[in-house]
Amino acid sequence: MPAVSLPDGSRREFDQPVTIMDVAKDIGTGLAKAAVAGKVNGALVDVRHEIDDDAEVAIVTDRDPEGVEIIRHSTAHLMAQAVKELFPDAQVTIGPTIENGFYYDFAYDRGFTPEDLEKIEKRMKELAKQDLPVERSTMDRDEAVEYFRNMGEEYKAEIIESIPQGETISLYRQGDFIDLCRGPHIPSTGKLKAFKLTSVAGAYWRGDSDNEMLQRIYGTAWPNKQQLEEHLHRLKEAERRDHRKIGAELDLFSIQDEAGGGLVFWHPKGARIRREIENFWYEMHEKAGYDFVVSPHIANLELWHTSGHAEFYADSMYEPMQDEHQAFQLKPMNCPFHVLMYKDRLHSYRDLPIRWGEMGTVYRREMSGALHGLMRVRGFTQDDAHIFCREDQIEDEVMGVIDLTLETLRTFGFEDFDVNLSTRPDDAVGSDEIWDHATRALRGAIEKKGLEYTLDEGGGAFYGPKIDIKIHDAIGRQWQCSTIQLDFNLPERFDMEYVAEDNERRRPIMIHRALLGSVERFFGVLIEHYAGHFPTWLAPVQASVLTITERQDDYARDVARRLREQGFRIEPDLRNEKIGFKIREHTLKRVPYLLVLGDREMEEGKVAVRTRDGEDLGTMSLDELSERLGKEVASRGTGT
RNA sequence: GCCGACGUAGCUCAGCAGGUAGAGCAAUCGAUUCGUAAUCGAUAGGUCGCAGGUUCGAUUCCUGCCGUCGGCACCA
């Protein structure tokens, strides 16, 4: 007879087989009410699952991540049930959970409209209210194929056919709706209290663009209404921070239809920020021992054959331009150019490591549907650099890049990082020895830096292992900008060499690395991270000089001039407007400091200082102000 | 590229059973000279994304194209 041990270490004995629900009830009625599923020896099961032998058992509630997952998955089923009732011709396919919610793909001869979504959601709520029991049953594989085919569910039948023969299939029934599912599921639909359908979109059957397109409905689901509301609020917050919106409001950049999608125009204020980013970048790299190079935008197509890009990456490259003698290729990458420069002369092992950085602008073909503000564009500037080094220098060099990366990202206000190490894929170039050595060096560098990391086995590029670093922005979203990639391919293809101590010719290792990735994309991430509130060192206008009447005009011009002479970015606003109006406008433009000048300040030769956050710093002299600004800018502080 | 939605003044949006359009903000001009998040008034501004079609007549209906947005696929 079963004895169950619980997560807190306690044991309970039963004199007959019991279900998860029985165990939960035995512990307490509150827990029984909250139970959405259970765990037996680590495996998730339904609450009706029967335990007939000794086992480690846990009750899963909506407080557990797995519980929330189950709620989302069950909500997807609930949606499918509602859709089948309202649109009997729609065929069900798959309905997995995703971050914050779920989707379900249906085969239907037309798209679902927002009105359809409302109807579906309404029906879902009714079905939830009926508190229909969700019951599991099993069926033989072949029998299940037959069963779904008879119901006209061709897609489901196809899915089941891909399951090995002889396996038992589990089915879940709620009301008249039956779906193939591994489970587990909530015990009854009444557990689903907080969900919302969010959008419809097309999606390919089995994710393959050669297949037909299905209708996908996205939804979000939570254990309770409050969490749902919080989630919807986060979505609103993300919308508020949208870099495309803020970029237009603050006049930072634009994308011009007449010029074409995916090409960024940096307006003066955005270009100002970009210059600050770049200045900082150059400064950091100079300190870290980099030299800077500049390479052309196009080059002989032959070069791209040598590098292999013309073959492997043809889809992402623009068509070559033909002149009378040769074809030129617009560059999608900078690396071959740096390799050519390296090969321009013979290098000694004493020269290594060589670190060459370039803000290199590249152009890549992107399909129209892929374009997205600054995040996905056709022309962008990589903060690129290549390190050419000996094998025994890899670890030190990678540690150096990690230091540089983290310091740079921290300066932009990013504090949390996820490090990912990707190792050898199946179709790789280079010997096992070099892969082993290099991968060990990358891992060593990460570990010596005391960083946690996740391993992506087989996730490396065909030409070498890599480290990716993801940042978390102010509202917790992750962005991957930084990457450190080893390359055994290009040195080989270009026959790169250095002369070793023993006078033998050896192959250098090439490290590609970018900290910001694309300056355009990074700028987009920064805009959203700061919600446009750039710290003073980055702010396009650091202080606005606001006059109360035209009596202060001359004084205001003088204040602006004097601060500008000290290197600050100052804009006077002498318009004949009320001070409240000016404060509002410049606050909305996220100007860090507003300097209000009236007769009183003019007489004292001071300025009244207000921050964009509405804080009144009182009046101060220009010297006091410039000291404060100077410190803030020099420290590249992240706040105001 | 694929599915869907959308495209009206610089911006945000209203309107239209088919009879060539309207508001707020911005802009311009004028008045106001004002103390910490919107002063008042006037003026100007539109080939209603583009091209065809239906119609006596199209911004409105239909078709195609372009673009934007949400996804999918793609992202060295």
Side-chain angles (χ1 to χ4, degrees), chain A residues 98 103 105 108-117 198-218 239 242 244-245 248-249 251 254-258 260-261 304 307-317 332-333 335 362 364-373 375-378 380 382 460-464 466 480 483 485 487 489-490 512 517-518 521 546-553 574-589 594-601 608-619:
Chain A
I98 50 175
Y103 67 78
D105 287 347
Y108 195 49
D109 55 9
R110 64 167 178 88
F112 294 105
T113 64
E115 294 74 54
D116 292 337
L117 250 58
T198 50
S199 61
V200 276
Y204 298 109
W205 166 234
R206 303 208 149 174
D208 185 337
S209 58
D210 290 334
N211 288 343
E212 63 272 33
M213 192 157 263
L214 307 173
Q215 300 302 326
R216 175 172 298 179
I217 303 180
Y218 284 95
E239 204 178 323
D242 192 316
R244 293 166 300 186
K245 199 167 148 246
E249 275 167 17
D251 198 12
S254 64
I255 289 168
Q256 302 286 336
D257 289 353
E258 284 163 275
W304 302 98
S307 71
H309 291 105
E311 284 71 37
F312 289 114
Y313 313 125
D315 288 351
S316 310
M317 299 192 339
M333 284 192 169
C335 17
V362 298
R364 298 180 184 179
R365 257 169 98 143
E366 294 286 0
M367 281 188 279
S368 55
L371 301 178
H372 181 89
M375 301 305 187
R376 190 83 177 267
V377 292
R378 292 189 169 126
F380 60 96
Q382 291 181 309
F462 74 90
Y463 51 77
K466 64 171 182 176
Q480 197 221 299
T483 183
Q485 308 189 358
D487 188 341
N489 183 47
L490 282 187
H512 307 254
S518 139
R521 193 174 106 102
L546 315 180
T547 51
I548 290 174
T549 74
E550 59 191 15
R551 284 194 301 281
Q552 294 89 36
D553 284 5
L574 309 182
R575 291 177 302 171
N576 178 8
E577 295 290 351
K578 288 185 163 180
I579 194 64
F581 177 84
K582 293 186 185 182
I583 299 257
R584 176 180 157 82
E585 267 204 355
H586 293 264
T587 301
L588 289 175
K589 293 286 182 197
L594 309 183
L595 313 180
V596 177
L597 307 190
D599 288 338
R600 290 202 296 272
E601 288 74 19
V609 184
R610 175 188 164 115
T611 71
R612 62 184 159 195
D613 305 315
E615 191 187 353
D616 182 2
L617 301 180
T619 57

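All chains are named by letter (A, B, ...) in the order of the sequence lines, taking the proteins before the strands, and each is independently numbered beginning at 1. Nothing here was measured: the structure is a model prediction, and the numbers come from that model.
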Asks: I'd like the P distance from B/rG15 over to B/rU55, given in whole Å.
Replies: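 Each nucleotide's P atom is 29 Å from the other's.
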
Asks: Output the rounded distance in Å from CG (A/Asp251) to P (B/rA26).
Replies: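 The answer, rounded to whole Å, is 16 Å.
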
Asks: Could you say whether A/Gly580 or A/Glu550 is positioned toward the 5' end of RNA chain B, judged by the nucleotide with the nearest heavy atom to each?
Replies: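 Nearer the 5' end of the strand: A/Glu550.
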
Asks: Check every strand shown and say whether A/Glu601 touches a base, only sugar-phosphate, or nothing at a heavy-atom separation below 4.0 Å.
Replies: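 Contact class for A/Glu601: base.
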
Asks: Categorize A/Gln215 for me: base, sugar-phosphate, or nothing, with a 4.0 angstrom heavy-atom threshold over every strand shown.
Replies: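 Touches sugar-phosphate only.
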
Asks: Quick one: list whatever passes ring-ring contact (aromatic ring centres under 6.0 Å, His included) with A/Phe380, sequence neighbours left out.
Replies: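 With neighbours one apart ignored, the set is empty.
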
Asks: If I take atom CD from residue A/Gln215 and atom OH from residue A/Tyr103, how far apart are they, to the nearest 0.5 angstrom?
Replies: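 Answer rounded to 0.5 Å: 14.0 Å.
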
Asks: Could you tell me whether A/Arg610 and A/Asp616 have a side-chain N and a carboxylate O separated by less than 4.0 Å?
Replies: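 Not counted as a salt bridge, because no side-chain N and carboxylate O are separated by less than 4.0 Å.
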
Asks: In whole angstroms, how far is the C1' atom of B/rU36 from the CD atom of A/Gln552?
Replies: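 These atoms are roughly 14 Å apart.
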
Asks: Give the B/S/- string for nucleotides 70-76 of chain B, one per nucleotide from 5' to 3', where a protein heavy atom under 4.0 Å of the base yields B, of only the sugar-phosphate yields S, and otherwise -.
Replies: BBBBBBB

Asks: We want to know whether A/Gln552 and A/Thr549 form a side-chain donor-acceptor pair, criterion being a heavy-atom distance below 3.5 angstrom.
Replies: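 Note: A/Gln552 and A/Thr549 side chains meet the donor-acceptor criterion.
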
Asks: Considering just the side-chain nitrogens and oxygens of A/Arg575, establish if one lies under 4.0 Å of OP1 or OP2 belonging to B/rU33.
Replies: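 For B/rU33, neither OP1 nor OP2 has a side-chain N or O of A/Arg575 closer than 4.0 Å.
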
Asks: What does the B/S/- profile of nucleotides 44-50 of chain B look like, 5' to 3', with a 4.0 Å heavy-atom cutoff to protein?
Replies: -------

Asks: Under 4.0 Å between any heavy atoms, over every strand shown, what does A/Ile548 touch: base, sugar-phosphate, or nothing? Just pick one.
Replies: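 Since a base atom lies under 4.0 Å of A/Ile548, the category is base.
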
Asks: If you measure from the Lys or Arg side-chain nitrogens to the Asp or Glu carboxylate oxygens, is any gap between A/Asp599 and A/Arg551 under 4.0 Å?
Replies: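 Salt bridge: yes.
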
Asks: In dot-bracket form, how is RNA chain B paired, counting a Watson-Crick or G-U wobble pair only if both its distances are under 3.5 Å and using | for bases paired to another strand?
Replies: (((((((..((((.....[..)))).(((((.......))))).....(((((..]....))))))))))))....

Asks: Using a strict cut-off of less than 4.0 Å between a Lys/Arg side-chain nitrogen and an Asp/Glu carboxylate oxygen, indicate whether A/Arg206 and A/Asp208 qualify as a salt bridge.
Replies: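 No salt bridge links A/Arg206 with A/Asp208.
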
Asks: Report which part of the nucleic acid A/Leu588 touches: base, sugar-phosphate, or nothing (heavy-atom distance under 4.0 Å, all strands).
Replies: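 Base contact.
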
Asks: Which whole number of Å gives the distance between the C1' atom of B/rC66 and that of B/rG24?
Replies: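 Between the two C1' atoms, the distance is 30 Å.
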
Asks: How would you label the contact of A/Arg600 with the nucleic acid (heavy atoms, under 4.0 Å): base, sugar-phosphate, or nothing?
Replies: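 A/Arg600: base contact, heavy atoms under 4.0 Å.
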
Asks: A/Asp105 CG to B/rG4 P: how many Å, rounded?
Replies: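 Rounded to the whole Å, the gap is 15 Å.
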
Asks: Between A/Thr619 and A/Glu601, is the side-chain contact (heavy atoms from CB on, under 4.5 Å) condition met? List the steps.
Replies: CA-CA 8 Å; A/Thr619 57; A/Glu601 288 74 19; 3.8 Å; yes

Asks: Nearest whole angstrom, please: distance from the P of B/rC11 to the CD of A/Glu585.
Replies: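 Answer to the nearest Å: 18 Å.
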
Asks: Would you measure the distance from the P atom in B/rA38 across to the matching atom in B/rU43 and give it in whole Å?
Replies: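 Rounded to whole Å, the distance is 26 Å.
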
Asks: Partners of A/Arg575 by salt bridge (charged side-chain N to carboxylate O under 4.0 Å, His left out), sequence neighbours excluded?
Replies: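 If we apply the salt bridge (charged side-chain N to carboxylate O under 4.0 Å, His left out) test to A/Arg575, skipping adjacent residues, the hits are A/Asp573, A/Glu585.
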
Asks: Which whole-number value in Å describes the distance from A/Asp116 CG to B/rC3 P?
Replies: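 It works out to 18 Å between those atoms.
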
Asks: Tell me, yes or no, whether the heavy-atom count around A/Gln256 atom CD, taken from other residues, nucleotides or ligands under 6.0 Å, exceeds 12.
Replies: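 Yes - once you tally the heavy atoms of other residues, nucleotides and ligands closer than 6.0 Å, there are more than 12.
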
Asks: Show, in sequence, the C-alpha distance, side-chain angles and deciding distance for A/Ser368 and A/Arg378, and conclude whether the side-chain contact (heavy atoms from CB on, under 4.5 Å) test is met.
Replies: CA-CA 10 Å; A/Ser368 55; A/Arg378 292 189 169 126; 4.1 Å; yes

Asks: Can you measure A/Lys578 atom NZ to B/rA37 atom P for me and round it to whole angstrom units?
Replies: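 Value for this atom pair: 12 Å.
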
Asks: How many whole angstroms separate atom CZ of A/Arg378 from atom C1' of B/rU68?
Replies: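 The answer, rounded to whole Å, is 13 Å.
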
Asks: What distance, rounded to whole Å, do you find between the two P atoms, one in B/rU60 and one in B/rC50?
Replies: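 After rounding to an integer number of Å, I get 10 Å for this pair.
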
Asks: Check step by step if side-chain hydrogen bond (donor to acceptor under 3.5 Å, both in side chains) holds for A/Tyr218 and A/Arg216.
Replies: CA-CA 6 Å; A/Tyr218 284 95; A/Arg216 175 172 298 179; 3.2 Å; yes

Asks: Taking the same atom, P, in B/rG4 and in B/rC62, what whole-Å distance lies between them?
Replies: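 Approximately 15 Å lies between the P atom of B/rG4 and that of B/rC62.
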
Asks: Taking atom P in both B/rA37 and B/rU68, what distance in whole Å separates the two?
Replies: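 These two P atoms come out 40 Å apart once rounded.
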
Asks: Report the residues that fulfil ring-ring contact (aromatic ring centres under 6.0 Å, His included) with A/Tyr313, sequence neighbours left out, ordered by chain and then residue number.
Replies: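 For A/Tyr313, the residues satisfying ring-ring contact (aromatic ring centres under 6.0 Å, His included) (neighbours in sequence not counted) are A/His309.
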
Asks: Starting from C1' on B/rU12, measure out to CD on A/Glu249 and report it in whole angstrom.
Replies: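 Roughly 11 Å, once rounded to whole Å.
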
Asks: Pick the P atom in B/rC69 and in B/rG53, then give their distance to the nearest Å.
Replies: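 Those two atoms are separated by 32 Å.
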
Asks: Over all strands shown, is A/Asp599 touching base, sugar-phosphate only, or nothing at heavy-atom distances under 4.0 angstrom?
Replies: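 Base, at least one base atom sits under 4.0 Å.
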
Asks: Given side-chain contact (heavy atoms from CB on, under 4.5 Å), test A/His512 with A/Lys466 step by step and report yes or no.
Replies: CA-CA 9 Å; A/His512 307 254; A/Lys466 64 171 182 176; over 6 Å; no

Asks: Contact class for A/Ala248 (heavy atom, under 4.0 Å): base, sugar-phosphate, or nothing?
Replies: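 Answer is nothing: A/Ala248 stays at 4.0 Å or more from every strand.
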
Asks: Yes or no on side-chain contact (heavy atoms from CB on, under 4.5 Å) for A/Leu595 and A/Leu546, after CA distance, side-chain angles and deciding distance?
Replies: CA-CA 6 Å; A/Leu595 313 180; A/Leu546 315 180; over 6 Å; no

Asks: In whole angstrom, give me the gap between the C1' atoms of B/rC29 and B/rG45.
Replies: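 Nearest-Å result for B/rC29 against B/rG45 at atom C1': 14 Å.
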
Asks: Considering only heavy atoms and no angle criterion, is a donor-acceptor pair shorter than 3.5 Å present between the side chain of A/Arg612 and the base of B/rA37?
Replies: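 Side chain to base: no pair present.
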
